[in-house]
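Residue numbers start from 1 in every chain, and the chains themselves are labelled A, B, ... in the order their sequence lines are given, proteins ahead of strands. Here the structure is a predicted model, which means the values were calculated and not measured.
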Number of protein chains: 2
Amino acid sequence: MLIRTATTTRTPGRLFPGASTDSLSAAMELMGACISYVRNFEIYGEGEPTEYLYKVVSGTVRSCKLLDDGRRQVTAFHMPGEIFGLEVGDTHSFSAEAIADSTIIVVKRSAILGLAARDVEIAHQLWTLTARELQRVQDHMLILGCMGAKEKVAAFLLQFSKRCSDSNEIKLPMSRQDIADYLGLTMETVSRTMNQLEHDATITLPTSRRIVLRNRAALKRLNA
Amino acid sequence: MLIRTATTTRTPGRLFPGASTDSLSAAMELMGACISYVRNFEIYGEGEPTEYLYKVVSGTVRSCKLLDDGRRQVTAFHMPGEIFGLEVGDTHSFSAEAIADSTIIVVKRSAILGLAARDVEIAHQLWTLTARELQRVQDHMLILGCMGAKEKVAAFLLQFSKRCSDSNEIKLPMSRQDIADYLGLTMETVSRTMNQLEHDATITLPTSRRIVLRNRAALKRLNA
DNA sequence: CGATCGCTTGATTCCGATCAACAGGAGTGG
DNA sequence: CCACTCCTGTTGATCGGAATCAAGCGATCG
């Protein structure tokens, strides 16, 4: 088990990067505390009570499910501005861990639900959030169930580049192992596939965590 | 494209099997029309407007996503009593087809959303429904990403037996191909794996569509 | 009866997993 | 500064499981 090295501070207004203008997000920034998590710290675990709602300020978080023999499925990466930890049941059905040192706004779930009971707009946003996540996860299922290694990696790269920057240069916050567990592959296969893509002049790898997309069309073609 | 051979009739009260007591379900039965779909009929397609909400009365429905080269991921099977077709966006992100001849209650989405705007209880149920689906899909991701063929088939059998009957005898409404596309395998592998399970005395296959679970413990062990 | 469809079974291939060694950086401490 | 370890990522060799290709089988139906 990891040690909680959380630095709690009151949130200073709405000065956060990635802050969206919608009212739920705004409410979270007003009501929440800002906490720092060190790399690899477990934010919550599978089966723990769903006490809080979270919004990434900086850093990156992974959600995952574990099989008791250690096999792992990463279900999502959460980037700055995104909300996670929202579930209807009273216990989390998966765990969340900081991939890099991260700062995260944390709000009592009961406070948000209280808001939603009075404010239809907030309630609707909670639903929308869940529904968007559902759609994202269903796209992920298509990757896991239908695609080969090359297609999976290509899909991941396109998806990721769309999410954080629109530039062709990607800075990956997660390890090869995280990517592998996200795609249902092994670390070795992810590594090999990326180097192969570099050899095909589809991407460039200045360092292992930085990727330049040189040929988006080729990547999309792999996706079909 | 398939031919719509729908027999529309007004719904006679709340006499349907699988009718749940919750108010959303009840409202759908009151407001909806009951339509018959023949086997393999497409109820709606990917990209079509989300005009309706559906509730299975009898038969079974599959939801799936297609890759343009024909590869298919079945994302869910919908059994009697279950609601499907609920999405936030204005177009469907996947298609739905009747696996067997089915009768389905169909309700204008706008009517339900209208209800939800006035009735907080209904709104909450819409959210709950989406969240439950999200949880189900995340469990499905674990199957697709982490498991081998044997484990996948075992997981499917246990999951299915829990859903429809608690008896050990299962009557499958779907083909081997449907199961394969649900599990991210080929038809041949599903067939082989099932026969292997029969050889191990874990299950019995009186016919290809009827399965008797003789050793649930062994199936659960495969799941880990 | 032939025909089609869903399923099974066999032979072979191939992709990705596995096992293993190694390389490169970052951080630490002498 | 170097020597050291730890960690992540790369690369190679081999193996195995599931896909693929192909044939056969048994229902159901016109």
Side-chain angles (χ1 to χ4, degrees), chain A residues 2 38-40 60 62 67 69-74 99-101 143-156 170-199 203-211 222, chain B residues 38-40 60 62 67 69-74 97 99-101 143-156 170-199 203-211 222:
Chain A
L2 295 158
V38 296
R39 193 173 113 88
N40 283 330
T60 311
R62 65 169 172 257
L67 244 35
D69 62 353
R71 281 177 291 180
R72 191 176 69 147
Q73 179 62 47
V74 173
I99 280 178
D101 293 349
I143 293 177
L144 290 173
C146 293
M147 293 185 179
K150 230 172 179 171
E151 295 170 303
K152 284 179 175 180
V153 172
F156 170 75
I170 302 176
K171 176 86 188 63
L172 294 179
M174 72 289 280
S175 70
R176 294 285 187 268
Q177 187 63 61
D178 287 327
I179 299 173
D181 289 345
Y182 180 78
L183 295 175
L185 297 170
T186 58
M187 209 194 61
E188 291 94 329
T189 300
V190 171
S191 179
R192 265 187 257 274
T193 306
M194 283 192 173
N195 293 331
Q196 196 177 336
L197 287 175
E198 181 172 39
H199 187 263
I203 62 175
T204 316
L205 293 162
T207 75
S208 65
R209 299 288 183 112
R210 290 200 312 140
I211 301 181
L222 281 176
Chain B
V38 295
R39 193 172 112 89
N40 283 330
T60 310
R62 65 170 172 256
L67 244 36
D69 61 354
R71 281 177 291 179
R72 192 176 67 148
Q73 179 63 46
V74 172
E97 294 144 20
I99 279 178
D101 294 350
I143 294 177
L144 290 174
C146 295
M147 293 184 179
K150 230 171 180 172
E151 296 170 302
K152 283 179 175 180
V153 171
F156 170 76
I170 302 176
K171 175 88 189 63
L172 294 179
M174 73 289 281
S175 70
R176 293 285 185 268
Q177 186 62 61
D178 286 328
I179 299 173
D181 289 345
Y182 180 77
L183 295 175
L185 297 170
T186 58
M187 210 193 59
E188 291 93 328
T189 299
V190 171
S191 179
R192 265 186 257 274
T193 306
M194 284 191 172
N195 294 330
Q196 195 176 337
L197 287 174
E198 181 173 40
H199 188 260
I203 62 174
T204 317
L205 292 162
T207 75
S208 66
R209 298 289 184 113
R210 290 199 312 138
I211 300 180
L222 281 176

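- For the pair Met187(B) CE and dA23(D) P, the interatomic distance rounds to 15 Å; values are reported in whole Å.
- Distances were taken from every side-chain heavy atom of Ala149(B) (C-beta onward) to each of dA11(C), dT10(D), dA18(D); the shortest belongs to dA18(D).
- For Ser208(A), whose side chain is taken as the heavy atoms from C-beta onward, the closest listed nucleotide among dA18(D), dT20(D), dG9(D) is dG9(D).
- Dashed line: the shortest gap from a side-chain N or O of Arg39(A) to OP1 or OP2 of dT8(D) is under 4.0 Å.
- Rounded to whole angstrom, the span from the CZ atom of Arg210(B) across to the P atom of dG6(C) amounts to 20 Å.
- Comparing dG16(C), dA11(C), dA20(C) by their closest approach to the side chain of Glu188(A) singles out dA20(C).
- Following rounding to the nearest Å, Leu185(B) (CG) and dC15(C) (P) show an atom-to-atom distance of 18 Å.
- Where Val190(A) and Asn195(B) each meet DNA chain C at their nearest nucleotide, the meeting point lying more 5' is that of Asn195(B).
- Here the P atom of nucleotide dA21(C) and the CZ atom of Arg192(A) are 15 Å apart, to the nearest Å.
- Residue Ser191(A) places no side-chain N or O under 4.0 Å from the OP1 or OP2 atom of dG9(D).
- Nucleotide dT11(D) holds its P atom 12 Å from the CD atom of Gln196(A), rounded to whole Å.
- Closest heavy-atom contact between Gly184(B) and Leu144(B): N-CD2, 3.8 Å.
- Taking atom CD of residue Gln177(A) and atom C1' of nucleotide dC6(D), one finds them 17 Å apart after rounding to whole Å.
- Atom CG of Leu183(A) is separated from atom P of dA17(C) by 11 Å (rounded to the nearest Å).
- Rounding to the nearest 0.5 angstrom, the gap separating the CD1 atom in Ile99(B) from the CZ atom in Arg62(B) is 5.5 Å.
- Pairing each heavy atom of Met187(A) with each of Ala180(A), the nearest pair is N-CB, 3.4 Å.
- The distance from the NZ atom of Lys152(B) to the SG atom of Cys146(B) is 10.0 Å, given to the nearest 0.5 Å.
- Contact between the side-chain N/O atoms of Arg176(A) and the OP1/OP2 oxygens of dT10(D) is found at a separation under 4.0 Å.
- When every heavy atom of Gln73(A) is checked against every heavy atom of Tyr182(A), the shortest pair comes out as NE2-O, 3.2 Å.
- Not one side-chain nitrogen or oxygen of Thr186(B) sits closer than 4.0 Å to the OP1 or OP2 atom of dA18(D).
- With hydrogens and angles ignored, no donor-acceptor pair closer than 3.5 Å exists between the side chain of Arg209(A) and the base of dG9(D).
- Distance Leu205(A) CG to dG24(C) P: 16 Å, rounded to the nearest Å.
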